[in-house]
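To find a chain, count down the sequence lines: A is the first, B the second, and so on, and within it residues start at 1. Note that the coordinates shown come from a computational prediction; the quantities given were computed from them, not determined experimentally. We use all heavy atoms of the structure for the numbers below, so side chains are in, but hydrogens, waters and symmetry mates are not.
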2 protein chains.
Amino acid sequence: MKLIDILDAVPIPVGYRLAFLTNFYREPLLRRMEREHGLMRPEWTVLICLTYRDGVAARDISEITEQPSNSVSRGVTALEGKGLITRSPDPDDARRSLLHLTDAGRALHDAIMADYVVAEAEMTASLTAAERATLLSLLDRMCRDVPRWQSLPPYDGARR
Amino acid sequence: MKLIDILDAVPIPVGYRLAFLTNFYREPLLRRMEREHGLMRPEWTVLICLTYRDGVAARDISEITEQPSNSVSRGVTALEGKGLITRSPDPDDARRSLLHLTDAGRALHDAIMADYVVAEAEMTASLTAAERATLLSLLDRMCRDVPRWQSLPPYDGARR
DNA sequence: GAATGATTGTTCCATATGGAGCGACTTTGC
DNA sequence: GCAAAGTCGCTCCATATGGAACAATCATTC
């Protein structure tokens, strides 16, 4: 008896499977990262964010990722202490620090992300190339549609 | 600038979108549940489990959901205190207590789950019925395939 | 140019949750 | 029949993380 055995009984077939896959895909990798690289989740979030938008401030990361500013602050402090990012003062605003990846930071990001790439290949191994493309297309449409419903019931007033 | 804007740059298009959708689908609903119904996540897990398998013991729920036994234990204690479940001694094993939903517990489960149903309808509103069926079929295949890869690299030794 | 209000980043605090260990009970093996 | 090992549920402990408040800085208004 496992979680998968109630897959068919649940009234939210899509949502349940999304959560099911996300849990088994992401959670073990996060735990391995925490254990083997000593990186906490907010740090990982900052690292990803800087990989795609270097030179932003902590506040920007907080808005982009919709995570609490104190979590981002802790992540930034920790990453700086490990030499994975650097801060430079924002010439236009003394309150802000602009964040930059170091070579070590970029290397660690790539090393961790590599596991995710391998894992995704395994997760989708049972699909043909055409099916994978179809899945990606459907998921993408749903993602783009998130802003439409994230303020509607039952989400009205449900977000932090 | 939002998370969605790096959707296309990431090397794990499927995994990223799965996590993206799961976060926006589930997290706000869990927070609303915690706030409005005073139910913690382990309690919700127990409630769901008993809805589909009534009369099991805490240990069974721990194995089914792969959650720590102390979390299940806390969830059971809390739910019992709220009158949402009852314990009956297992006649065959004095260590175990068999858990049963009360009417109030079933009613609360249904009330909370109703939000998830509405939310899933919104999340998939941009798909046609045929596309929804296709998505469900592909996700289902991936779910059934989880046991194959969850012990392979990079997951070997990554799980709790 | 001073004052009031917003914004950034941080620290303090509360708490949910996972890990380790511990009694109570059961099973296994002799 | 008994000792040793295993199992069930729980409590103690450590900690990651979200909320609230606060100092420093900027913007806005008069």
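From A:Cys49, atom SG reaches atom CD1 of A:Ile85 across 11.0 Å, with rounding to the nearest 0.5 Å.
Set against D:dG18, C:dT17, D:dC26, the side chain of B:Pro42 has C:dT17 as its closest nucleotide. Here C:dG9 is the nucleotide among D:dG19, C:dG9, D:dC26 with the atom lying nearest to any side-chain atom of A:Arg96.
We find that CD of A:Gln67 is positioned 18 Å from C1' of C:dT8, with the value rounded to whole Å. For the pair B:Leu30 CG and C:dT15 P, the interatomic distance rounds to 19 Å; values are reported in whole Å. Here the C1' atom of nucleotide C:dA16 and the CZ atom of B:Arg35 are 17 Å apart, to the nearest Å. The distance from atom CE of B:Met40 to atom C1' of C:dG18 is 16 Å, rounded to the nearest whole Å. Per the geometry, CD belonging to B:Glu66 stands 18 Å off P belonging to C:dT17, to the nearest Å. To the nearest angstrom, C1' of D:dT15 lies 13 Å from CD of A:Glu43. In this structure, CD of A:Glu27 is placed 15 Å from P of D:dA16, rounded to the nearest angstrom. Following rounding to the nearest Å, A:Asp93 (CG) and D:dT28 (C1') show an atom-to-atom distance of 15 Å.
Of the side-chain N and O atoms in B:Arg59, one or more sit less than 4.0 angstrom from OP1 or OP2 of D:dC8. Residue B:Ser73 places none of its side-chain N or O atoms closer than 4.0 Å to OP1 or OP2 of D:dG9. Contact check, A:Ser69 against C:dG9: no side-chain N or O comes under 4.0 Å of OP1 or OP2. The phosphate of D:dG18 has OP1 or OP2 within less than 4.0 Å of a side-chain N or O from A:Ser71. Taking only side-chain nitrogens and oxygens, A:Arg41 never comes nearer than 4.0 Å to OP1 or OP2 of D:dT15.
Here A:His37 and A:Trp44 keep their ring centres 6.0 angstrom or further from each other.
You'll find a donor-acceptor pair under 3.5 Å spanning the side chain of B:Arg74 and the base of C:dG18, going by distance alone. With hydrogens and angles left out, the side chain of A:Arg95 and the base of C:dT7 share a donor-acceptor pair within 3.5 Å.
Between the side chain of A:Glu131 and the backbone N or O of A:Thr128, at least one donor-acceptor pair lies under 3.5 Å. Between the side chain of A:Ser97 and the backbone N or O of A:Pro89 there is no donor-acceptor pair closer than 3.5 Å.
Each of B:Asp92 and A:Leu98 was assigned the nucleotide of DNA chain C with the nearest heavy atom; the assignment lying further toward the 5' end belongs to A:Leu98.
A:Asn70 comes within 4.0 angstrom of a base, heavy atoms only. Counting any heavy atom pair closer than 4.0 Å across all strands shown, A:Ser97 reaches sugar-phosphate atoms only and no base atom.
Aromatic ring pairs are classed by plane angle as parallel below 30°, tilted from 30° to 60° and perpendicular above 60°; the pair A:Trp149 and A:Tyr155 is tilted.
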